[in-house]
Amino acid sequence: MEQLTNNVTPMPRIGDKAPSFKAVTTQGEINFPEDYKGSWVILFSHPADFTPVCTSEFMTFASMEEQFAKANCKLVGLSVDGLYSHIAWLRNIKEKIEYKGMKNIEVKFPLIEDITMNVAKLYGMIQPGESSTKAVRAVFFIDPNGIIRTILYYPLSCGRNFDELYRTLIALQTADAFGVATPADWRPGDDVIVPPAGSCGTAKERMEGKDNLTCYDWYFCTKKLPKEEVFEKIIKK
Ligand code: BEZ
């Protein structure tokens, strides 16, 4: 684990290898990210067990687990609580909580116990201005090669937008699979952005409309990418 001279672990960044750790979880021990090689993983933290925003988030994540799995993505949660608290909370959710049409929800993905805060600190999930004892709502998207591709942070009070988490995953996979970028608010079926012209000749050709692209100017060109093509390549049947 890399350390700065003042003994603070630097926060991982987009493009970094996901820091490795071993942890006890509600699904047994994991060796992260090595156990997840070949899959996308969303590693996310939440502030505490038996709290309402977290409960709504866990129920939503659990009810979308299959949707994420079809996009080759596994889920791993973490909070600064112990294993028995995690087990009791997940049992309580399944047995007692009915929320927005979700009930009898079983959380099958691993929830890391992190009483020591070792993992939370390794991933910059403890942000003392917000809380020095609870993890903020961090989300790390890690690709099948163990590289961090997106990081999102939310404060304690604000539950995450799960449409956005899924949209981000599909946008990352679309960028990889088709060699394109995705514009503001992109959703599958919307036009995608092609890489910028790399020469004056290409810029000229694009502006002359030779490439079957829609060009707003020479550096901003889009093309059609039907939703069916995106899903055909990304979503398991
Ligand atoms: C919650 O999940 O409800 C929560 C947790 C910590 C602080 C505030 C809200």
Side-chain angles (χ1 to χ4, degrees), residues 18 21-30 32-33 35-36 39-127 130-142 148 150-170 172:
F21 62 85
K22 287 193 170 77
V24 170
T25 84
T26 49
Q27 300 292 328
E29 282 191 24
I30 60 170
F32 194 92
D35 289 350
Y36 294 86
S39 288
W40 285 79
V41 193
I42 294 181
L43 171 68
F44 67 98
S45 56
H46 71 103
D49 298 344
F50 293 102
T51 51
V53 179
C54 300
T55 300
S56 70
E57 290 192 318
F58 259 69
M59 293 181 77
T60 310
F61 253 137
S63 65
M64 291 176 73
E65 189 180 6
E66 206 180 309
Q67 190 180 340
F68 281 104
K70 283 189 172 164
N72 189 29
C73 180
K74 296 182 173 160
L75 306 173
V76 179
L78 172 148
S79 79
V80 181
D81 289 289
L83 182 64
Y84 299 125
S85 164
H86 283 348
I87 292 170
W89 180 43
L90 300 187
R91 287 175 62 86
N92 177 267
I93 288 175
K94 180 165 164 39
E95 285 161 15
K96 304 231 171 78
I97 308 291
E98 186 171 345
Y99 175 69
K100 284 199 166 171
M102 295 179 281
K103 65 185 229 192
N104 198 29
I105 296 290
E106 191 170 346
V107 174
K108 295 181 185 145
F109 56 82
L111 173 50
I112 296 169
E113 81 155 353
D114 195 29
I115 295 273
T116 59
M117 297 196 209
N118 283 345
V119 180
K121 285 182 179 161
L122 186 61
Y123 274 81
M125 293 163 170
I126 302 295
Q127 307 213 345
E130 181 75 343
S131 170
S132 50
T133 55
K134 293 177 170 62
V136 294
R137 300 181 198 282
V139 190
F140 288 83
F141 293 75
I142 297 164
I148 296 171
T150 298
I151 304 173
L152 302 172
Y153 282 102
Y154 297 71
L156 303 189
S157 63
C158 180
R160 285 162 271 220
N161 181 316
F162 286 77
D163 283 344
E164 173 59 5
L165 301 187
Y166 186 70
R167 190 195 74 91
T168 302
L169 176 71
I170 300 301
L172 289 167

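When every heavy atom of A138 is checked against every heavy atom of M125, the shortest pair comes out as CB-CG, 3.9 Å. The shortest heavy-atom contact between C54 and A48 is SG-O, 3.5 Å. Scanning all heavy atoms of the two residues, the minimum distance from L169 to F141 falls at N-CE2, 3.9 Å. In terms of heavy atoms, V53 sits closest to C158 at CG1-C, 4.4 Å. Across all their heavy atoms, Y123 and I148 have their closest contact at CE2-CD1, 4.5 Å. The two residues S131 and I126 come nearest to each other via the heavy atoms O-CG2, 3.9 Å.
Atom CD1 of I170 is separated from atom CH2 of W40 by 9.5 Å, given to the nearest 0.5 angstrom. Atoms OG and CE, on S45 and M117 in that order, are 12.0 Å from each other to the nearest 0.5 Å. The line from CZ of F21 to CZ of F32 is 5.0 Å long, rounded to the nearest 0.5 Å. Rounded to the nearest 0.5 angstrom, F109 CZ and L111 CG are separated by 7.5 Å. Expressed to the nearest 0.5 Å, how far OH of Y166 lies from CD of Q67 amounts to 4.5 Å. Rounded to the nearest 0.5 Å, atoms NZ (K96) and CG (N92) are 5.5 Å apart.
Although no hydrogens or angles enter the test, the distance criterion places a donor-acceptor pair under 3.5 Å between the side chain of D114 and the main chain of N118. Side-chain N or O atoms of S39 include none that pairs as donor or acceptor with a backbone N or O of V41 at under 3.5 Å.
Every residue two or more places apart in sequence or in another chain that forms a salt bridge (charged side-chain N to carboxylate O under 4.0 Å, His left out) with E57 is listed here: R137, R160. Under the rule for a side-chain hydrogen bond (donor to acceptor under 3.5 Å, both in side chains), T150 has no partner lying at least two apart in sequence or in another chain. The salt bridge (charged side-chain N to carboxylate O under 4.0 Å, His left out) search around E130 returns none, not counting sequence neighbours. For E95, the salt bridge (charged side-chain N to carboxylate O under 4.0 Å, His left out) criterion is met by R91, not counting sequence neighbours.
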Could you list the donor-acceptor pairs under 3.5 angstrom formed by side chains in residues 73-88, with sequence neighbours left out?
{"from": "S79", "atom 1": "OG", "to": "H46", "atom 2": "NE2", "distance (Å)": "3.4"}
{"from": "S79", "atom 1": "OG", "to": "D49", "atom 2": "OD1", "distance (Å)": "3.3"}
{"from": "S79", "atom 1": "OG", "to": "D81", "atom 2": "OD2", "distance (Å)": "2.8"}
{"from": "D81", "atom 1": "OD2", "to": "D49", "atom 2": "N", "distance (Å)": "2.9"}
{"from": "S85", "atom 1": "OG", "to": "D49", "atom 2": "OD2", "distance (Å)": "2.7"}
{"from": "H86", "atom 1": "ND1", "to": "D49", "atom 2": "OD1", "distance (Å)": "3.2"}
{"from": "H86", "atom 1": "ND1", "to": "D49", "atom 2": "OD2", "distance (Å)": "2.7"}
{"from": "H86", "atom 1": "NE2", "to": "I112", "atom 2": "O", "distance (Å)": "2.7"}

Between side-chain atoms of residues 99-107 and protein atoms elsewhere (two or more places apart, or another chain), which donor-acceptor pairs fall under 3.5 Å?
{"from": "N104", "atom 1": "OD1", "to": "K94", "atom 2": "NZ", "distance (Å)": "3.0"}

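Separation of the F61 and F44 ring centroids falls under the 6.0 Å cut-off.
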